[in-house]
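Residue numbers start from 1 in every chain, and the chains themselves are labelled A, B, ... in the order their sequence lines are given, proteins ahead of strands.
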Amino acid sequence: MRRGSSFEAPWYDRLLGKLTTRLARRRPWFRWPFFIAMAMIVGHRVNLRQHNLTDTQTVPSPAPPNQDFDVRGMRTADGSYNDMSEPWMGMAGTRFGRNMPPEAAFGEVPPRLYEPSPRLISNKLLARREFIPVPHLNVLAAAWIQFMVHDWLSHGPNNKDEPPHDIPLPEGDDWPEGKMTVLRAHADDRNPQDQGLPDAYTNVETSWWDASQIYGSSLERQREVRTDPTTGAVLEDGKLGVQANGALPIEGKTQHGKPSKDLELAGVNGNWWVGLSVLHRLFVHEHNAIVDRLRIDHPDATGEWLFQKARLVNAALLAKIHTVEWTTALMNSPEGRMAMRGNFWGLLGEQYHRAFGRVGRGEVLSGIPGSPADHHGAAYAMTEEFAAVYRLHSLMPDEYSFRRREDDQELLHADLTGVSGGEVTQIYRQVGFDDVVYSLCTSHPGALVLHNYPNGLRRIAHTGTKGVFLDLAAIDVLRDREHGVPRYCEFRRHIECHAPRSFQELTDNPHWQRELQEVYPSVEDVDLLVGTLAESQCQAHGTPPGFGFSDTAFRIFILMASRRLKSDRFFTDDFRPEVYTPAGFDWIRDNSLRTVIARHCPQLRGHFADVRNVFFPWAKTGD
Amino acid sequence: MARRLKLAGLIDLLWVEQPREILELAQDRRLDREFLPQGPWLNRLLARGIRRHLQLDGQPLPPLAPIGDERPNAAQITLAQSLEGPPCSQADLEALAAYVARGNTLDGPGVLVQGIVGRLFNGDYRADPQSYRDACLLDTAARTLNPWRQWRWRRSGDVDQARARLAEKVDRDPVALHATAIAVHNLVAALERMRRLAMERPRTLAHITPAAAASRCLAAPGTVLRQARTHGNHAVGSFAPGTLILFRLETARARSLRHDVAFLTHTWSRCPAAAWAPRLLSEAWRKAGKMMPAQGG
Ligand code: HEM
Ligand code: HEM
């Protein structure tokens, strides 16, 4: 077991880290001039790599046999053998790591676990009163991040063997049956080596950025998505299964085997809604297009080989889109754009990279892809804190209007339930795929602020159990406490962010200050999720200008976004044409979400031709 | 990461602080605790100092004893078994809790803790400021690398007298002597940390669970020593007969929070108090939490 502080950065990095700590004490990075701010972002990353990576895998799982599979040149289904010397690393079923020191990571227990009641917080601070949109983004941006989360992580099913949590209901609450029970999180079995340590939880997906949301995290699931829905046989040409009309195959049940009428099939199809369906369909077709391209250069290659190489390329394309398109749309400031594009292309930028290739092997000038792999002292894994700051449910609108691309006339209006699960298939029966994409890309996601949590997610009908509902807002709060993710102030202290000493320091909004005070005994008790939403209106220490999410979350992103690339052999040492094939390598370089949508929905080109970023709202017909 | 201090003929020390490396080396039979006068000059001096201070009637105290033929040995097993019940009496627990909750002792918890540890072996054990000072002196003498101080202690006989007084209190039982003179300091450090933690912020006692508090506050010995018996290599460095390897155990514990690092639980030298000490700390925290008046907003 290793921890970040065992990692020794080079002296110049440490110096930058120390300077950053000093400057950050005076004011946060975004309140310094551009060049200092950029240096501080790098400095924060040095410090985070040094202090905020804790590996929890006390007893590494035995590596599965690799059965003649070319682990050097292809991604295994379960994520093993990415690191050849520690093949278990990042594999499905390994533990979540931590971005907090272990002493700050003990799960809360009652009474603190239920104080203040998560349901009270849901009602008083989170419930959406009226929809607050993000005017500069489209709904695909919300779907995209969930699509990525499904690639990186899932805690899997909750614990049915122990009595559930009984969440205290505030007086006068209209919750059905007057009782709110929530299944407990499923902690991993403890080993003797875990004595003294907080509980750990396992990631049921691979932690790698390997498109496992499309391909699954097991060989079994991979076979399912490679099956032709018409014949029921695994496709021999290396392609993914689609219906004759181009739609995803129908699975008709959840991944945990519960019947779910009309539910589409995907590597991960949990919490399914129309936005996810669109992205899955686009990238299933993208996979098939890559296979066609590779077959031109490799006419004799087997379908298996074409499948695996296309997967490598598709996964890298997703990583590129996320890094240079999605994050820059969400962090819409010069520093945000530079930091994230820099992760991929380096400070020298894309044009330089295209013209001259890499300069040396370092990550700063020419970006992480192609630089040497480095775990910075702790085995690579997704972390609890990362999952926590990605609980971005407020991005989801409650109302969806499906309109015809030709004249923007409404064809269908639906609430959240109406666009979720198997209902998606019903939507496609009434609205064409292009019109669905057009509609989502001309609508806005919700802002990450207080009082904007979709009410549709505050009362979700439980699949398969009639009359049982979930309040996801309350669950979000409860899970962080249960997983031992520190509350807001303590969390900030561990990542070199100013911890507010009062509600007035947490947010500039006087109404919110009052409401927070009514719910929480002190600012120290404010939950992480609530704090990150409240800081959206705090000039001194809160959300950086132009950012769609909090500075608190950003700190975890600058650490983990680069780590997802830097730890992965296929983005570092083996990010080369010999492994990806020359055509595959060029595919990654030359494509983007813009080209993907243009390829699979050519009719829609005109709607995004003039937008700087495809995650920005598209032109409506008639505008 | 390991640190090395090697000057041919003069000194050869190897410090190790990575949990994983420590756990590996603690199992490595090429390293032992015989502390023979071997190796460069300062190494011999240090080995001799340890043997001189941490012995009773010519026999090394248990944590200085070599591996021997059988591990865990009878003494380890017997002690671990005898520590299985409640960690201490109710009165002692209340006194500990009062210290954690209110800090109401003038000179820290040293005498109190020494008394509690002593009573594990001798129900009538009474610690006092003198006995605790003796324990501090013996511990310092065993840890110091300063040859000048070692020489002064040898001349004055202070350390020998302190040891003799402490041994008398436990019927010259070497296990009990080690517990009341050396092991006691880890517990004192842990309780002082608990006290500080309880004061850190309002309602900390209610917010942090006993198990979490015990883990956060546990204190491992600063360094634990091994002496190389043969020539050998390890990822942390090479060694020769007489090389002293210093496990920086507290650094490694703080970094990993693992109890098996703090107590070397899964190695031949496992501490018999590995379950007892965290239990005592948890109980003290729990009780302290109950002593705090209920606090509202
Ligand atoms: C229809 C839309 C969505 C539904 C129905 C949904 C539902 C859920 C449910 C039921 C959970 C598990 C709660 C538990 O811990 O028991 C969950 C977790 C989560 N959701 Fe969503 N969600 C949706 C959209 C999103 C979006 C847009 C994001 C954006 C990033 C997101 C991010 C997450 C994350 C990070 C978790 C924690 C996952 C884990 O730790 O295993 N979700 N969601
Ligand atoms: C926080 C409290 C304590 C910690 C962290 C601790 C830690 C340790 C460690 C690391 C060792 C191994 C030393 C080595 O390998 O050289 C050890 C050995 C030992 N400890 Fe403890 N100890 C604690 C308290 C106690 C107490 C209270 C007792 C007695 C009641 C005790 C009895 C022993 C004995 C007898 C050994 C020798 C084991 C052997 O034969 O090798 N310890 N302890």
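Here the shortest heavy-atom pairing between A:Pro102 and B:Ser256 reads CG-O, 4.0 Å. Scanning all heavy atoms of the two residues, the minimum distance from B:Arg20 to A:Glu86 falls at NH1-OE1, 4.2 Å.
For the atom pair CG (A:Leu113) and OG1 (B:Thr209), the distance works out to 11.5 Å, reported to the nearest 0.5 Å. The CZ atom of A:Phe106 sits 9.5 Å away from the CD1 atom of B:Ile208 when rounded to the nearest 0.5 Å.
By the 4.5 Å heavy-atom criterion applied to side chains, A:Glu103 and B:Ser215 are not counted as neighbours. Within the 4.5 Å cutoff, the side chain of B:Arg203 has heavy atoms near those of the A:Asp525 side chain.
The pair B:Arg258-A:Asp194 does not count as a salt bridge, with every side-chain nitrogen at least 4.0 angstrom from each carboxylate oxygen.
For B:His178, there are no ring-ring contact (aromatic ring centres under 6.0 Å, His included) partners at least two apart in sequence or on another chain.
Contact tally against chain B (heavy-atom pairs below 4.5 Å) for A:Glu524, A:Glu115, A:Arg493: the top residue is A:Arg493.
When heavy atoms are compared at a cutoff of 4.5 Å, A:Pro111 does not approach chain B at all. The contact between B:His266 and chain A is made entirely by side chain atoms (from C-beta outward), counting heavy-atom distances below 4.5 Å.
Within a 6.0 Å radius of NE2 in A:His511, no more than 12 heavy atoms belonging to other residues, nucleotides or ligands are found.
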